[in-house]
There are 2 protein chains.
Amino acid sequence: MQNRTDTTRTIGEHGIPEPTLRRLPAYCQVLRRLAGRGLKQVSCTRIGRELGFDPTQVRKDLALAGAVGRPKVGYCTEELYRTLENFLGWNNVEEAVLVGVGHLGTALLGYTPFDRYGVRIVAAFDSDPEKLGPHAHGVQVFPQTRLPELLRRMKLRIGILTVPAEAAQSVCDLMTANGVIAIWNFAPIALSVPANVIVQNEDLFATLGVLSSKLAAALRTGS
Amino acid sequence: MQNRTDTTRTIGEHGIPEPTLRRLPAYCQVLRRLAGRGLKQVSCTRIGRELGFDPTQVRKDLALAGAVGRPKVGYCTEELYRTLENFLGWNNVEEAVLVGVGHLGTALLGYTPFDRYGVRIVAAFDSDPEKLGPHAHGVQVFPQTRLPELLRRMKLRIGILTVPAEAAQSVCDLMTANGVIAIWNFAPIALSVPANVIVQNEDLFATLGVLSSKLAAALRTGS
DNA sequence: AGTTTCTCGATAGATTTTTCTCGATAATGG
DNA sequence: CCATTATCGAGAAAAATCTATCGAGAAACT
């Protein structure tokens, strides 16, 4: 419902609602924190209190991810964490490619702890010769012409798309033609992809929009 | 519904649904692009096609933001863009402070075009003395002890919170006690704030979670 | 001038998502 | 050993969100 593709059926559709999937990473982070504090058992109430979510909602989300708890006790913290991590596929890190070393791409390259979230960026590409060479964080930036070759050779399956919207579709096509089956798209545009490719759109400014519109409204009304 | 606070009523609640607010930034970006291509008039159908959204949904969103169109013609691209920009408060840039110059904070500091989105980071803070000094992108990193003083002096109203979850509430308290009324919170934890403060939580890994869980599911099922 | 086509705006319907309620279960404290 | 309390799990109710339909207006074409 979020991504329009040119296909009738979408891949990767385990019947789990998207809002639930979006919350799972937050649960993981909370669990890691609580486990670090030595908490052996944890309840939905507790998790909900940490994040400001309804306990029932937490319970349902966890159930959908395959977690089972015990009445009165809750869940074993460690076990629950591993269940979620496994469900998200974050237990074995996938190598990924990033295309578009602009402001956003650079920021992402600089964000090293991605491998805690199932992804490691192993190569970057840009069409601007100025950007080429080794990046600050040990990732090499290659010319975009070499994208197909290296995608094939390294057998990368995840692509991170941080190019301008105008270039997004063509880069996307290059990716899917060379083995990429999951695309994290930061460009504000709908991508057309083959039926077996998963696209997830990200808009970094979505929440900033919410914040600033509320602030603007508050400033208009109040002081 | 997203942020639990210790108050009964939340500030900044113009009755507009949150999903709509989250989409407005994307519309802005599309409009900027289309305007750049010289498109004078634009329809909901067109915008929807660009982003993969339902035209009716686009129309409803735009109407809520106060835009009015004309049958058969659509909207004047420039005017619509200004309407949205104004609604989001992105026409006059607010100065903001960032606390927590870790991986994420550094990445955000490096992302300069924030001022196109209504925000300019003018000062950063960290509790680690190692991090102090001028940052690569011209923003000074101050010791956290000076946060209250500088917040007051510079009259900053937006705070960006990129500290670990453990420290989030105390930094948040410092912010709100010194004039901050809007907080963009990247820590996976619910913040308690006074009634007149707006909190917006951001989870960067939410969509990555969706992507990787779908990928993991597809890999389990398919090849 | 009339017909066609495209689009907005509003309303109604369908779907999804969240929240509530209840019974069952297991630990704790008297 | 029984009462109490906290919790899960499941199903129902409520709320929010998305999608479809329809009429009216306005441009373009015949």
Side-chain angles (χ1 to χ4, degrees), chain A residues 1-4 8 10 13-24 26-27 31 34 39-77 79-80 83-84 190 201 206 210, chain B residues 1-4 8 10 13-24 26-27 30-31 34 39-77 79-80 83-84 190 201 206 209-210:
Chain A
M1 137 199 63
Q2 181 80 307
N3 323 323
R4 182 106 315 137
T8 45
T10 316
E13 276 302 342
H14 40 37
I16 296 176
E18 187 133 333
T20 293
L21 295 178
R22 295 180 58 93
R23 284 188 292 265
L24 295 182
Y27 298 144
L31 288 172
L34 295 181
L39 214 68
K40 294 293 178 204
Q41 310 281 340
V42 67
S43 71
C44 293
T45 316
R46 181 63 195 276
I47 297 174
R49 183 151 42 87
E50 291 286 324
L51 289 168
F53 297 163
D54 185 277
T56 309
Q57 184 173 65
V58 176
R59 191 168 304 126
K60 235 166 199 175
D61 287 344
L62 299 182
L64 285 167
V68 284
R70 284 194 306 160
K72 175 72 183 178
V73 177
Y75 306 81
C76 166
T77 313
E79 187 191 324
L80 179 56
T83 302
L84 293 183
N201 298 315
V210 180
Chain B
M1 130 201 64
Q2 181 80 307
N3 323 321
R4 183 104 313 137
T8 44
T10 315
E13 274 304 340
H14 40 35
I16 296 176
E18 186 134 335
T20 292
L21 295 178
R22 295 180 57 92
R23 283 187 293 264
L24 295 183
Y27 298 143
V30 167
L31 288 172
L34 294 181
L39 214 69
K40 295 292 177 205
Q41 311 281 340
V42 66
S43 71
C44 292
T45 315
R46 181 64 196 275
I47 298 174
R49 183 152 42 89
E50 290 287 323
L51 289 167
F53 297 163
D54 185 279
T56 309
Q57 183 173 64
V58 177
R59 192 169 303 127
K60 229 168 203 177
D61 288 343
L62 298 182
L64 285 167
V68 285
R70 285 194 305 162
K72 175 74 181 176
V73 176
Y75 306 82
C76 166
T77 313
E79 187 191 325
L80 179 56
T83 302
L84 293 183
N201 298 316
V210 180

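Naming: A, B, ... by sequence-line order, numbering from 1 per chain.
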side-chain contact (heavy atoms from CB on, under 4.5 Å) evaluation trace for B:Leu31 with B:Ile47 | CA-CA 8 Å; B:Leu31 288 172; B:Ile47 298 174; 4.1 Å; yes
B:Glu18 atom CD is separated from D:dT17 atom C1', nearest whole Å, by 13 Å
Quickly work out the B:Leu39 CG to C:dT7 P distance and round it to whole Å.
-> 12 Å
For A:Thr45, which contact category applies under a 4.0 Å heavy-atom criterion: base, sugar-phosphate, or nothing?
-> sugar-phosphate
Among the nucleotides C:dT7, D:dG9, D:dC8, whichever has the atom closest to the side chain of A:Pro71 is D:dC8
Tell whether A:Lys60 reaches the base of C:dT17 with its side chain through a donor-acceptor pair below 3.5 angstrom.
-> no
Euclidean distance, atom CG of residue B:Leu64 to atom P of C:dA10 [Å, nearest integer] | 11 Å
Would one find a side-chain N or O of A:Tyr75 under 4.0 angstrom from OP1 or OP2 of D:dA6?
-> no
How long is the span from the CG atom in B:Leu64 to the NE2 atom in B:His14, to the nearest 0.5 Å?
-> 10.0 Å
Taking B:Thr77 for the side chain and B:Leu39 for the main chain, is one N or O donor matched with an acceptor at less than 3.5 Å?
-> yes
DNA chain D: B:Asp61 or A:Gly74, which has the more 5' nearest nucleotide?
-> A:Gly74
Interatomic distance where CZ belongs to A:Phe53 and P belongs to C:dT18 [whole Å] | 9 Å
Could you state the atom-to-atom distance from CZ of A:Arg22 to C1' of C:dT17 in whole Å?
-> 14 Å
Hey, does A:Arg23 reach any base, or is it just sugar-phosphate, or nothing, if we go heavy atoms under 4.0 Å?
-> sugar-phosphate
Is there a side-chain polar atom (N or O) of A:Arg70 under 4.0 Å from OP1 or OP2 of C:dA27?
-> yes
Among D:dT5, D:dA26, D:dC8, the one nearest A:Cys44 by side-chain distance | D:dC8
What is the nucleic acid contact for B:Ser43, judged by heavy atoms within less than 4.0 Å: base, sugar-phosphate only, or nothing?
-> sugar-phosphate
With respect to the side chain of B:Lys72, which nucleotide from D:dG11, C:dG9, C:dC6 is positioned closest?
-> C:dC6
Checking D:dA6, C:dT17, C:dC8 against the side chain of A:Pro17 (C-beta onward), the nearest is C:dT17
Nearest atoms (heavy-atom pairs only) where A:Tyr75 meets A:Cys44 = CE1-SG, 3.4 Å
Go through D:dC8, D:dG11, C:dA27 for me and flag the one nearest to the A:Val73 side chain.
-> C:dA27
Taking for each residue the nucleotide of DNA chain C bearing the nearest heavy atom, is the 5' side occupied by B:Gly69 or by A:Thr56?
-> B:Gly69
In whole angstroms, how far is the P atom of D:dA16 from the CG atom of B:Leu21?
-> 14 Å
Walk me through it: do B:Lys60 and B:Thr20 pass the test side-chain contact (heavy atoms from CB on, under 4.5 Å)?
-> CA-CA 9 Å; B:Lys60 229 168 203 177; B:Thr20 292; over 6 Å; no
Between CZ of B:Arg46 and P of C:dC6 the distance, given in whole Å, is 15 Å
Nucleotide C:dT11, atom P - distance to CZ of B:Arg59 in whole Å = 15 Å
Is the shortest heavy-atom distance from the side chain of A:Leu51 to the side chain of A:Arg23 under 4.5 Å?
-> no
